[in-house]
Number of protein chains: 2
Amino acid sequence: MEHRIDRIKKQLHSQSYKLTPQREATVRVLLENETDHLSAEDVYLLVKEKAPEIGLATVYRTLELLSELKVVDKINFGDGVSRYDLRKEGAEHFHHHLVCIECGSVEEIEEDLLGDVEKIVEGQWGFQVKDHRLTFHGVCRVCQTQAVAASANESNS
Amino acid sequence: MEHRIDRIKKQLHSQSYKLTPQREATVRVLLENETDHLSAEDVYLLVKEKAPEIGLATVYRTLELLSELKVVDKINFGDGVSRYDLRKEGAEHFHHHLVCIECGSVEEIEEDLLGDVEKIVEGQWGFQVKDHRLTFHGVCRVCQTQAVAASANESNS
DNA sequence: CAAATTGATGATAATCATTTTCAGATAATA
DNA sequence: TATTATCTGAAAATGATTATCATCAATTTG
C-alpha cells in the first residue's frame, strides 16, 4: 500500500502537483475500498472519518485530478453519479463490469477479453485504441437462483 | 420510416401506452437523426421546430419511456449528459462506439464483436448476459493524420 | 529572515441536467 | 354523459458537480 502511495506521489510530483494530506487521505480511502465503485459522496464520507476537516469540493478536485493522471477511472453506470475506481497496476485493459439488472450489484472482472477485438477495431476502422470500457448488463448468479426459487414458490401456491 | 413508427406504436399499445403527437414528434426526430447521439436538450430543440408547444419535461418522459421499452439506448460518454440512440432493429448486440480523445467525435460501428466474449462471461462467471455496452477510447483516423502533419511542421520550424 | 508569489483548501453559492409536482387537457371506458 | 386513467406544459424542486473567493501553507525571491 505504501508502495502504491509512493508511486502516486511521484506521479503527482512529475506534473508539479503535491500529495497534500487531503489528497493522501483520499487515495488511502480508494486503496482501502478498491472493489467498491465509490461515488464522490461515498469517498467524502469515508475520508471525513479520518480527516473530518476535509471539504466535499476538495474530494471532487482530487478525484478529478487523479482521473486526469489515469490513477483512477471515472465510470458511470447510468444512475446519476460518477464512480471512481483505482486502476490496478498494469491492468489498464483488463477491467470490466457485470451490472445486474435485477439487484443492481456490480461485479468486477479482470480478464483480457478484448485483445483480439482491439486489433480488429484498429485494422478495420483505423481507430487507434488507447482504452476501452466494457460493461455487461444481465442477471447475476444470485438473482438467477432467486428467480428459480420464486417461480418454484409460485407453482406451489 | 412509417413502418418503424408503426412498430413503436404497437409496442407502446401492447403496454397500454399511447403514441401521442408529442411522442410521435420525438420519435421522428430520433429517426431523422439516427447517427447523432442526441442529448435530451438536443432532442427538445429539434422537436420544438416542428411542435413548438412541447415541454422539456415531456421530452425527458418520452425518452425515459422509450428507453424502458428498449426502443432507444440511454448512453453516457462521460460528459455530464445522457444521450439517446434509437436501436437498430435486430442489432441489439452489435452497437459500439469509438470515442476520440482528441476531438471528441463519436463513431458508431455495427459489428458482432462480442459473441464469443459473452459466452465466456456466461460460462466463467455464471452471469446471464442480456446486453452490453462497449466503448473504445482512442484516436480517430482524422486526428491521427493531423498529429502526423503537426509533428512534420514542428521539425520544419 | 521577511516579503511576495503560488498552489491548495473549505465553505458557500452557482450551475446544470434531470425529476417531481400539480392543475389542466385528452382520450378511453362504463 | 360521467368517470376514470393517462398525458401534458410550466414551474419548482432536487441532486450532483463546478466555480468563486477569502484564507492558509508552502515555496521562492530579495
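Salt-bridge check for A/K74 with A/E68: failed, with every basic side-chain N at 4.0 Å or more from each acidic carboxylate O. Ion pair B/R83/B/D73 not flagged as a salt bridge, since none of the NZ, NE, NH1 or NH2 atoms sits closer than 4.0 Å to an Asp/Glu carboxylate oxygen. Look at B/R28 and B/E32 and you find no salt bridge, because none of the NZ, NE, NH1 or NH2 atoms lies under 4.0 Å from a carboxylate O. Here A/K48 does not pair with A/E53 in a salt bridge; the nearest charged N to carboxylate O distance is not below 4.0 Å.
Sequence order on DNA chain D of the closest nucleotides to B/R23 and B/Y44 puts B/R23 first from the 5' end.
Between the CG atom of B/L45 and the P atom of C/dC16 there is a distance of 15 Å, rounded to whole Å. What separates CG of A/L63 from P of C/dA8 is a distance of 15 Å, to the nearest Å. Remark: P of C/dG10 and CD1 of A/I54 are 5 Å apart, rounded to the nearest angstrom. The distance from atom CG of A/L65 to atom P of C/dG7 is 13 Å, rounded to the nearest whole Å. Distance B/Q22 CD to D/dA10 C1': 14 Å, rounded to the nearest Å. For the pair A/K48 NZ and C/dT9 P, the interatomic distance rounds to 15 Å; values are reported in whole Å. Per the geometry, OH belonging to A/Y17 stands 8 Å off P belonging to C/dA8, to the nearest Å. The distance between atom CG of B/D42 and atom C1' of C/dC16, rounded to the nearest whole Å, is 14 Å.
A/K9 NZ: 12 or fewer foreign heavy atoms inside a 6.0 Å radius. Surrounding CG of B/D116 are at most 12 heavy atoms belonging to other residues, nucleotides or ligands under 6.0 Å away.
Non-hydrogen atoms lying under 4.0 Å from DNA chain D are contributed by nothing in residues 25-32 of chain A.
An OP1 or OP2 oxygen of C/dG7 is reached within less than 4.0 angstrom by no side-chain nitrogen or oxygen of A/T20.
If you look at B/H97 and B/F77, their ring centroids are closer than 6.0 Å.
A/I75 and A/L65 end up in different hydrophobic clusters when Ile, Leu, Val, Met, Phe, Trp and Tyr side chains are linked at under 4.5 Å.
Side-chain atoms of A/R23 and A/T26 form no donor-acceptor pair, as typed in the model, at a separation below 3.5 Å.
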Can you check each nucleotide of nucleotides 13-29 of chain D against protein heavy atoms at under 4.0 Å and return B for base, S for sugar-phosphate only, - for none, in 5' to 3' order? ---SBBBB---------

